[in-house]
Novice: 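Got a structure here, written out as C-alpha cells. Questions coming.
Only this structure's heavy atoms are used, side chains among them; waters, hydrogens and symmetry mates stay out.
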Amino acid sequence: MATVTHVFSIDYVAKLLDEDSELLQAIVSNDDNLSYGSIISVYTGQDEAITSLTRGGIEELEQMLAHARRTADEWNDFLEDFVDDQELIARIKAKSPR
C-alpha cells in the first residue's frame, strides 16, 4: 500500500462526484464498505472529527455507485442496504436518476 500524503473531506468528495454528501457519509459510516485505509477520520477537536477519503477510496466509492446505478431496482436495493435514514432515501430517490 502506498503512503497516503493527502485525503479529501467527504463534503469535497460529494462535490467532485456530484453526489449528496449525506448519502456518501451513510455509505462510509461503515468502514467495511471500502478497503481498509480508504476512510480516514480527521480529528478537529477532542470529540469532533470529519470523514475523509484517500484517492483510492474515492475511486472505490465511484465504482460502487456506478455499479449500483445499473438499473433502478439495483439502485433501490443499494439505498436500502447502505442507508438507514428513510428520509434520506426518499430524498435521493426523488432526484432524477443518472
Novice: Is the number of heavy atoms from other residues, nucleotides or ligands within 6.0 Å of CZ (Arg55) greater than 12?
Specialist: no
Novice: Using 30° and 60° as the class boundaries, would you call the ring planes of Phe8 and His6 parallel, tilted or perpendicular?
Specialist: perpendicular
Novice: Pick one: which of Leu88, Ile27, Ile92 meets side chain to side chain contact (heavy atoms under 4.5 Å, CB included) with Leu79?
Specialist: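 Exactly one pass, corresponding to Ile92.
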Novice: From Gln86 CD over to Lys93 NZ, what is the distance, rounded to the nearest 0.5 angstrom?
Specialist: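 Gln86 atom CD to Lys93 atom NZ measures 7.5 Å (nearest 0.5 Å).
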Novice: Rounded to the nearest 0.5 Å, what separates atom OG in Ser9 from atom CD1 in Ile40?
Specialist: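 If we round to the nearest 0.5 Å, Ser9:OG and Ile40:CD1 are 13.0 Å apart.
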Novice: About how many Å separate CD1 of Ile58 and CG of Leu24, when rounded to the nearest 0.5 Å?
Specialist: 10.0 Å
Novice: For Glu19 and Arg69: C-alpha separation, side-chain torsions, deciding distance, then whether salt bridge (charged side-chain N to carboxylate O under 4.0 Å, His left out) applies.
Specialist: CA-CA 13 Å; Glu19 296 287 352; Arg69 284 190 170 107; 2.7 Å; yes
Novice: Might you point out which heavy atoms bring Leu34 and Ser38 nearest each other, and give the distance in Å?
Specialist: CB-CB, 4.1 Å
Novice: Checking side chain to side chain contact (heavy atoms under 4.5 Å, CB included) for the pair Asn33/Leu61: CA distance, chi angles, key distance, verdict?
Specialist: CA-CA 9 Å; Asn33 291 337; Leu61 186 59; over 6 Å; no
Novice: Is the CG atom of Asp84 crowded by more than 12 outside heavy atoms at less than 6.0 Å?
Specialist: no
Novice: Side chains of Phe82 and Ile89, heavy atoms from C-beta outward: is any pair under 4.5 Å?
Specialist: no
Novice: Specify the closest pair of heavy atoms between Thr54 and Val4, including all atoms of both residues, with the distance to one decimal.
Specialist: CG2-CG2, 3.8 Å
Novice: Give me the atom names and distance for the closest heavy-atom approach of Val83 to Ala26.
Specialist: CG2-CB, 4.1 Å
Novice: Run Thr51 and Val42 through side chain to side chain contact (heavy atoms under 4.5 Å, CB included) and show every step you take.
Specialist: CA-CA 6 Å; Thr51 302; Val42 178; over 6 Å; no
Novice: Side chain to side chain contact (heavy atoms under 4.5 Å, CB included) between Asp31 and Tyr36: does it pass, once the steps are laid out?
Specialist: CA-CA 7 Å; Asp31 59 2; Tyr36 178 76; over 6 Å; no
Novice: Is the shortest side-chain heavy-atom distance between Arg70 and Trp75 below 4.5 Å?
Specialist: no
Novice: Just how far is it from atom CD of Glu59 to atom OG of Ser35, taken to the nearest 0.5 Å?
Specialist: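 One gets 11.0 Å once the value is rounded to the nearest 0.5 Å.
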Novice: Looking at Asp20 and Ala14, what are the two nearest heavy atoms and their distance?
Specialist: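 Looking at all heavy atoms of both residues, the closest pair is C-CB, 4.3 Å.
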Novice: May I have the step-by-step check of side chain to side chain contact (heavy atoms under 4.5 Å, CB included) for Ile50 and Ile10, ending in yes or no?
Specialist: CA-CA 8 Å; Ile50 60 171; Ile10 200 74; over 6 Å; no
Novice: Any chance you could measure Leu23, atom CG, to Gln25, atom CD, to the nearest 0.5 Å?
Specialist: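 Spacing of CG (Leu23) from CD (Gln25) equals 10.5 Å.
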